[in-house]
Student: 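I am attaching a structure below and will ask some questions about it afterwards.
Note that the structure is predicted; figures quoted are calculated from it, not measured. Whatever order the structure lists them in is the order used to number ligands and atoms, beginning at 1.
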Amino acid sequence: MITIKSQREIDLMKEAGRIVAVCHQEISKLIKPGITTKRIDTLVEEIILKNGGKPSFKGYQGFPSSICASLNDVVVHGMPSNNKLKNGDILSVDIGVDYKGYHGDSAWTYPVGTISDSNKLLLEVTEKSLFEGLAFAKAGNRLSDISHAIEKYAKLYSYGVVEEFTGHGIGRDLHEDPPIPNFGTSGTGPTLKSGMTLAIEPMINAGTKRVKIMIDGWTTKTVDGLNSAHYEHTILITKDGYEILTTT
Ligand code: MG
Ligand code: MG
């Protein structure tokens with residue numbers, strides 16, 4: 001069931017989303033060669049707690065950290081580690097915040113130092129694919145209109161669109177109905193309504209779409225070892241379009 005949020009619920013989700021956005025703003029200044037993802041995780045957790053929130057991911061189905069830190073060929077669900085970031089890496093950081101029982105969820109991929117032109121293009125196209133999808137986020141449209149637009153744009157660059165993981169409804173639970181694939185034909189699935197809150201999150205690979213889950217049960221990598229990027233916003237569907245909740 002896709003829930004429609006009340007104004008009170010939307011206000012709580014806006015605060016959750018604001019805290020997520022503050023975390024991204026703060027870490028964007030710190031992501032450089034030499035820092036560890038464990039350090040970033042600790043800082044994010046401090047910011048979340050200081051703002052009256054709780055990290056949504058920590059303890060979620062046993063996940064050990066406040067952020068997912070997915071480096072280079074890790075697509076999603078990477079775990080923070082004590083390895084230092086290196087010049088030329090790309091790092092996807094996914095952050096979830098629970099504020100008084102309501103969640104915000106947003107991921108960004110960051111360049112570490114100076115990155116290659118091919119990595120730059122992967123980041124630009126993945127970010128743009130999110131907004132290509134969001135252009136169809138509007139009451140009256142069908143859910144797969146968003147999915148189709150994301151896939152269509154990423155495929156212009158012959159990138160692999162990950163199929164095993166999807167966006168999702170969000171609110172009281174971090175993951176609610178409906179699942180939101182980043183591929184498919186337009187004009188299908190539920191009709192979007194004002195008051196729905198959704199997390200849209202393209203995961204785009206430089207090469208094959210195929211992914212494999214590592215022995216830890218979380219870390220998901222590309223099968224061909226090429227890099228992957230991930231951008232996500234939590235949004236509210238309105239009658240005229242959408243409002244991004246994971247912003248300040
Ligand atoms: Mg996320
Ligand atoms: Mg999500």
Student: Under 4.0 Å between a Lys/Arg side-chain N and an Asp/Glu carboxylate O for K152 and E132?
Tutor: no

Student: With the Mg ion (ligand 1) as the reference point, give the N/O/S atom of D105 that is nearest.
Tutor: OD1

Student: In terms of side-chain geometry, is the basic nitrogen of E45 or K50 positioned less than 4.0 Å from the acidic oxygen of its partner?
Tutor: no

Student: When you measure from the Mg ion (ligand 2) to each N, O or S atom of E201, which atom gives the shortest distance?
Tutor: OE2

Student: Counting only N and O atoms by type, is there a donor-acceptor contact under 3.5 Å from the side chain of S56 to the main-chain atoms of D98?
Tutor: yes

Student: May I have the angle between H168 NE2 and E232 OE2 with its vertex at the Mg ion (ligand 2), rounded to 10°?
Tutor: 110°

Student: Determine, using ring centers only, whether H148 and F136 are less than 6.0 Å apart.
Tutor: no

